[in-house]
Number of protein chains: 2
Amino acid sequence: MCCNWNSINVSMRQEANGKAQTRIQKEKTAKIYAAALSVFAAQGYRGATLDAIALEAGMSKPNLLYYFESKETIHTALIGKLMETWLDPLRELNDDGEPLDNILDYVKRKLEMSRNYPRESRLFANEILQGAPHIHHLLSGELKQLVEEKSTLIQHWVTAGKIRNVDPVHLIFSIWSLTQHYADFDAQIHAVLGADTDPYPDAEDYLLTLFSRMLQV
Amino acid sequence: MCCNWNSINVSMRQEANGKAQTRIQKEKTAKIYAAALSVFAAQGYRGATLDAIALEAGMSKPNLLYYFESKETIHTALIGKLMETWLDPLRELNDDGEPLDNILDYVKRKLEMSRNYPRESRLFANEILQGAPHIHHLLSGELKQLVEEKSTLIQHWVTAGKIRNVDPVHLIFSIWSLTQHYADFDAQIHAVLGADTDPYPDAEDYLLTLFSRMLQV
DNA sequence: GTCTATAAGGGGATAGAC
DNA sequence: GTCTATCCCCTTATAGAC
């Protein structure tokens, strides 16, 4: 709608990285991110091609490379952008209310993420599976710190007798593993259950039961 | 040791696929399988190159292609060969002894597989993550059938009151997910725990506790 | 059976017109 | 900003000598 001021070429808007962007640039980069997410998630870094990303984004390959220097630049920018969102559910785990409910809510949020954002899940899975070559620093920095922080919180709950004794870090690993499994191994799950079956309702029941029995005092 | 009879060029030995093989052929193909496993597991199908496999196998690329028609042939043969071994732990789940112990033993066997055969785990993970393009038939055939068979067994245990009520198929999924996680997401686990930490002892404690609390009547 | 050389094609990235 | 054309490397696979 109504945007006379965006005829000004050097935009006054700023992106996270601090580079000025016109409206059209923002739209294009958004399309590229969306296309790159689909292609990188489905094919992995090596398997993805600029042709495929350009096709998906509805633009030519040189046009795509006008907005991003290289394939690697797209991948790095994309994964950095998504990492924040990806860790949000864990960040929300806090000390308000009942500890067990908080953990079960975290499980629910993570399972919702797998259901609603399977491409994001597979993007990270692809990356980590191959040794996390592009995000080592994020994992051993931001992620490690967040896990340590939340592990301390969980350990307090154990010590206070609010939940049963449990290794907090492996508890977190198990929540990641079990919830992301439904996105990452989707092909296998549907091969076993049938293509038309929606596994998520039963998965939620199963996982909430599992962690309740594991943790309830 | 002592093998005069293998100077006979047309071997009397047979491989699974029925093709006659000389001793040297068996050694070479074994080397290729070993190299292909390393490279496909680390790089995925697209990321793997014949150069890398040939280097790892200690032979030239044309020599490698003398033994296998194509990259795809190597991958298909390898994954078919490994699938049997990969499903063995689940096949061993049977009705002798205590149900809960049988399931906990299955968890232990699967975790041992992750520890001792992480490349195999990552090979399958890569394949399934990208939609299982090469093994769809194995998943919806052999695997599906095996899961159905073992689910029935587990359901009997539930009905007989030997273990607590649980969805058998999701129980199996969760065992796969949790145990394979330690192989597939190794990079993330070591980023969080530190490169020198061996996660397996704590992982075993955690998982046995988890499934005991989940299933014990 | 194994090698060197090379064909054939895919894919990342750039040049330069518009 | 966007396009067509193109460069060049990497990768799969084959030809043909030894």
Side-chain angles (χ1 to χ4, degrees), chain A residues 3 6-11 13 15 19-33 35-36 38-40 42-79 126 130 133-134, chain B residues 6-11 13 15 19-33 35-36 38-40 42-78 126 130 133-134:
Chain A
C3 309
N6 75 25
S7 61
I8 300 164
N9 261 341
V10 178
S11 166
R13 300 220 209 158
E15 236 214 351
K19 282 186 190 151
Q21 285 200 320
T22 64
R23 184 181 53 81
I24 215 168
Q25 281 172 329
K26 295 182 85 163
E27 286 172 7
K28 288 274 187 168
T29 52
K31 275 194 181 177
I32 294 170
Y33 279 132
S38 287
V39 177
F40 282 128
Q43 315 285 337
Y45 181 75
R46 291 283 305 259
T49 67
L50 292 179
D51 279 309
I53 298 172
L55 180 70
E56 181 83 17
M59 65 188 75
S60 68
K61 191 162 51 169
N63 195 191
L64 188 157
L65 286 166
Y66 173 79
Y67 289 97
F68 288 89
E69 277 189 339
S70 66
K71 179 180 177 178
E72 178 136 28
T73 309
I74 302 174
H75 188 255
T76 304
L78 177 64
I79 219 161
N126 264 303
Q130 316 215 345
H134 304 97
Chain B
N6 75 24
S7 62
I8 298 164
N9 261 340
V10 179
S11 166
R13 302 220 207 158
E15 236 214 352
K19 283 188 188 147
Q21 284 202 322
T22 62
R23 183 180 54 81
I24 217 168
Q25 280 171 331
K26 294 182 83 163
E27 285 173 6
K28 288 272 187 170
T29 51
K31 275 194 180 178
I32 294 170
Y33 278 131
S38 287
V39 177
F40 281 127
Q43 314 284 336
Y45 181 75
R46 293 281 309 257
T49 68
L50 293 179
D51 278 311
I53 297 173
L55 181 69
E56 181 84 16
M59 66 187 74
S60 69
K61 191 162 47 170
N63 194 189
L64 189 157
L65 286 166
Y66 173 78
Y67 289 97
F68 288 88
E69 277 189 339
S70 67
K71 179 181 176 177
E72 179 136 27
T73 309
I74 302 174
H75 188 255
T76 304
L78 177 65
N126 263 304
Q130 315 214 344
H134 304 97

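Computation of the quantities below employed the complete heavy-atom set of this structure, encompassing side-chain atoms and omitting hydrogens, waters and symmetry-equivalent molecules. All of these numbers come straight from a predicted model, not from anything done at the bench. Throughout, a chain's letter reflects where its sequence line sits, starting with A, and its residues are numbered from 1.
Sorted by first and then second residue, the ring-ring contact (aromatic ring centres under 6.0 Å, His included) pairs involving residues 42-72 of chain B (not counting sequence neighbours) are B:Tyr33-B:Phe68, B:Phe40-B:Tyr45, B:Tyr45-B:His75, B:Tyr45-B:His134.
Annotation: proximity of residues 49-60 of chain B to DNA chain C (heavy atom, distance under 4.0 Å) is found for B:Ser60, numbered in ascending order. Interface residues of residues 62-72 of chain A facing DNA chain C, ordered by number: A:Pro62, A:Leu65, A:Ser70, A:Lys71; criterion, heavy-atom separation under 4.0 Å.
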Just list the side-chain donor-acceptor pairs under 3.5 Å for residues 53-65 of chain B, sequence neighbours left out, or say none.
from: B:Ser60; atom 1: OG; to: B:Asn63; atom 2: N; distance (Å): 3.2
from: B:Lys61; atom 1: NZ; to: B:Asp51; atom 2: OD1; distance (Å): 3.4
from: B:Lys61; atom 1: NZ; to: B:Asp51; atom 2: OD2; distance (Å): 3.4
from: B:Asn63; atom 1: OD1; to: B:Lys28; atom 2: NZ; distance (Å): 3.3

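Taking the salt bridge (Lys or Arg N to Asp or Glu O under 4.0 Å) definition, one finds that B:Glu27 meets it with B:Arg23, sequence neighbours left out. In this view, A:Ser70 and A:Glu72, A:Thr73 satisfy the side chain to side chain contact (heavy atoms under 4.5 Å, CB included) rule, not counting sequence neighbours. Applying the side chain to side chain donor-acceptor pair (under 3.5 Å) criterion to A:Ser38, with sequence neighbours excluded, gives A:Arg119. Evaluation of the side chain to side chain contact (heavy atoms under 4.5 Å, CB included) rule for B:Ala52 yields B:Val39, B:Thr49 as partners, not counting sequence neighbours. Applying the side chain to side chain donor-acceptor pair (under 3.5 Å) criterion to B:Gln130, with sequence neighbours excluded, gives A:Asn126.
Counting any heavy atom pair closer than 4.0 Å across all strands shown, A:Lys61 reaches a base atom.
A 4.0 Å heavy-atom criterion places the boundary nucleotides of DNA chain C facing chain A at C:dG11 to C:dT14, written 5' to 3'.
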